[in-house]
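Computed from a prediction, not measured in an experiment: that's the story for all the values here.
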Amino acid sequence: MTRDETDQTIKIAYYPGCTLKGTTKEFGDSIELSFSALGIELIEIPSWICCGATSAHATDKNLAIALPYHNFAKTQEMGMGTIAIPCAACFQRHKVTNKECEREDIRKEMYKITGHRYDGNIRCRHPLEVLMKDIKPEKWQNLLKKKLGLKAACYYGCLLTRPEDVMEFDERPENPQLMDDFCETLGMKTVDWNYKVTCCGASYFASKPEIVLKLTSKILEDAKKSGAECVVVACPLCHSNLDMKQKEIGKELRMDLDMPVFYFSQLLGLALGIDHRKLGLHTHFVDTQVLLDRKRLI
Amino acid sequence: MEKVLGKNRKSEIKEIEGFIDGLDVSGCYQCGKCTAGCPVAHLMDNPPQRMIRLVQIGAIDEALSSNAYWNCVACGTCSARCPRKVKISELMDGLKSFSIKKKMTPKDRSERNIALFNEIFLNNIRRHGRLFEVELVGMNNVLSGHLLRDTTKAPEMLVHGKLKFIPSNIAKKDMKKIFKNTVEKNDKR
Ligand code: SF4
Ligand code: SF4
């Protein structure tokens with residue numbers, strides 16, 4: 001992270017990842033808009049490539065490291081010291097790679113494979129970490145325009161916290177609080193519930209949907225029972241599963257779930273007074289407008 | 001460790017362990033915590049605890065012919081909770097890439113779909129640099145025989161400008177090089 005002395009903006013390299021530019025555009029848009037409202041400039045890595053996701057690391061270990069390595073090398077070329085990665089899946093692949101790149105032999109091997117140099121010195125941060133650990137709420141809280149009186153279940157899923165020694169996301173990997181603290185900063189209440197870090201089966205979204213349906217229904221049922229009005233996520237795969245499949249799940253559970261699923265960044269945008277349409281809140285499968293209307297947030 | 005291994009299997013265990021840095025199955029004392037926390041244990045013929053045991057005793061063929069590692073969703077819960085720090089999730093991944101390299105196809109159709117999806121996904125990013133989502137869903141459905149899966153959601157996504165019909169096609173040379181020096185290199189061996 002570099003702070004420009006003259007204009008006080010903070011500059012961070014930015015890796016949006018494939019889905020934030022496509023099917024989960026609302027995640028990318030809301031990150032970019034709210035960070036710019038906070039005076040944090042996200043500079044997109046010019047020729048970033050796909051991190052390879054689960055498919056790469058299930059297939060070939062070197063491939064799984066080489067793809068994120070390319071992005072670190074490109075960031076190094078930009079002369080930047082920190083990358084922010086909002087998608088939990090991309091974030092995890094990059095963190096794992098960065099850990100591997102602490103070893104010189106692996107960096108040498110990767111140089112041979114990719115032809116690019118990376119010295120292993122770039123910090124890889126999730127935007128929640130940037131806001132809560134690096135800049136700290138005291139520095140940006142005063143920019144918030146609305147208090148969001150929502151009651152939420154914060155869903156971390158598997159990728160933000162595991163493996164814990166690599167991710168170092170939260171000291172309490174089985175019951176993380178970082179996203180809860182973030183939501184409370186925005187004026188929300190969060191519930192204690194059981195499925196915070198339970199897998200939703202994301203990687204099998206397309207290939208084995210019956211697994212996904214089963215795992216996701218348990219998560220939504222528990223969130224509902226714990227008294228939450230909505231679920232907050234940091235992962236486009238979790239979002240697709242919880243939002244897009246919710247109607248189907250509700251039918252199977254014979255339950256009126258009606259749980260809007262928000263990206264943490266959409267909530268930040270709302271609290272900053274950004275127009276809800278720009279944050280893509282009208283593009284979800286589960287309606288968000290009724291709840292936000294009732295709370296007088298739009 | 002050596003005592004419990006069948007003689008002829010040692011080299012294969014080495015090979016599998018070679019895929020996974022720091023994997024040492026000998027530490028497992030069969031407490032079952034990994035299986036208890038696994039979200040898909042009920043779908044596995046050999047849940048995580050038993051997979052570790054199979055590798056421990058050198059029953060590699062049984063381990064490789066199991067559907068466990070295909071069903072594993074790589075959530076990492078098992079490794080995170082193991083009191084002996086056995087890298088179970090990493091073993092599952094290792095078995096997957098091992099069997100891909102040996103061109104072993106899973107028996108069950110739904111498991112073949114997982115293998116197929118990975119192949120289609122990687123082929124997609126190799127050619128486009130970034131994932132071309134429309135093509136991914138289309139190809140996967142055609143090849144796995146589920147023509148309409150997830151396409152029912154397409155109209156809404158289209159309205160919101162979420163479906164892009166033009167691929168990124170970025171860093172083509174870099175991608176070509178990376179694939180040539182990793183996956184394709186293994187193919188030639
Ligand atoms: S949790 Fe660890 S020690 Fe217990 S059975 Fe599983 S691998 Fe073995
Ligand atoms: S990583 Fe795989 S084996 Fe381990 S708990 Fe998750 S699904 Fe089960």
Side-chain angles (χ1 to χ4, degrees), chain A residues 17-19 21-26 47-50 52-64 66-67 69-70 74 100 112-116 157-159 161-164 173-174 197-212 214-215 218 244 280 282-283 285, chain B residues 19-21 39-40 43 71 73-77 79-81 89 93-94 96-97 100-101 110-111 113-114 116-122 124-125 128-134 136-137 140-141 144 149-150 153 156-157 159-164 168 170-171 174-175 177-179 181-183 186:
Chain A
C18 305
T19 58
K21 290 286 171 191
T23 45
T24 58
K25 194 171 166 296
E26 71 273 30
S47 59
W48 61 266
I49 55 175
C50 174
T54 332
S55 297
H57 80 98
T59 305
D60 186 291
K61 196 175 166 213
N62 275 342
L63 175 68
L67 297 168
Y69 175 95
H70 169 98
K74 289 288 151 186
E100 297 280 350
K112 264 194 246 155
I113 290 174
T114 64
H116 294 296
C158 352
L159 298 161
T161 54
R162 285 190 292 265
E164 54 179 278
E174 290 281 347
V197 294
T198 306
C199 179
C200 71
S203 41
Y204 290 165
F205 181 69
S207 49
K208 236 181 165 175
E210 62 282 7
I211 299 189
V212 173
K214 192 151 186 177
L215 300 178
K218 285 191 194 157
M244 199 195 278
H282 61 298
T283 67
F285 285 92
Chain B
F19 273 107
I20 310 144
D21 271 342
V40 287
L43 298 168
N71 281 298
V73 287
C75 70
T77 312
S79 303
R81 293 184 184 166
S89 158
D93 255 359
K96 223 182 270 181
S97 33
I100 291 172
K101 252 161 231 173
S110 65
E111 275 116 45
N113 281 349
I114 297 169
L116 190 64
F117 176 83
N118 287 343
E119 224 179 295
I120 295 170
F121 185 99
L122 293 180
N124 186 316
I125 63 167
H128 303 306
R130 296 174 189 169
L131 185 64
F132 184 28
E133 293 173 306
V134 173
L136 178 74
V137 173
N140 189 53
N141 290 359
S144 64
R149 187 179 277 177
D150 284 327
K153 313 284 185 194
E156 282 185 76
M157 292 196 161
V159 171
H160 297 309
K162 292 183 179 182
L163 294 183
K164 280 201 298 187
S168 307
I170 206 145
D174 290 312
M175 273 298 191
K177 189 160 181 185
I178 291 174
F179 275 81
N181 290 332
T182 56
V183 204
N186 296 318

Toward chain A, the part of B:I125 with a non-hydrogen atom under 4.5 Å: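 Interface part for B:I125: side chain.
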Toward chain A, the part of B:S79 with a non-hydrogen atom under 4.5 Å: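 B:S79 has no heavy atom closer than 4.5 Å to chain A.
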Worked check of side chain to side chain contact (heavy atoms under 4.5 Å, CB included) between A:E174 and B:R81: CA-CA 9 Å; A:E174 290 281 347; B:R81 293 184 184 166; 2.8 Å; yes
Residue, of A:I49, A:I113, A:N62, A:L67, that accumulates the most heavy atom pairs under 4.5 Å with chain B: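 Of the candidates given, the most pairs with chain B belong to A:I113.
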Of the backbone (N, CA, C, O) and the side chain (C-beta and beyond), which part of [X] lies under 4.5 Å from a heavy atom of chain B, both, or neither?
X	answer
A:K112	backbone
A:H70	side chain
A:T19	both

Under 3.5 Å donor-acceptor, B:N124 side chain and B:L131 backbone: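 Judged by distance alone, no pair lies under 3.5 Å.
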A:D60 side chain reached by B:L122 side chain, heavy atoms, under 4.5 Å: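 Side-chain contact under 4.5 Å: no.
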Sub-4.5 Å side-chain heavy-atom contact between A:P173 and A:R162: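 No. Closest side-chain heavy atoms not under 4.5 Å.
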Trace of the side chain to side chain contact (heavy atoms under 4.5 Å, CB included) decision for A:T198 with A:L215: CA-CA 8 Å; A:T198 306; A:L215 300 178; 6.0 Å; no
Top contributor to chain A contacts, counting heavy-atom pairs under 4.5 Å, from B:I178, B:L43, B:I100: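 It is B:I178.
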Mutual orientation of the aromatic rings belonging to B:F121 and B:F117 [parallel < 30°, tilted 30-60°, perpendicular > 60°]: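 Judged by the thresholds at 30° and 60°, the geometry between B:F121 and B:F117 is tilted.
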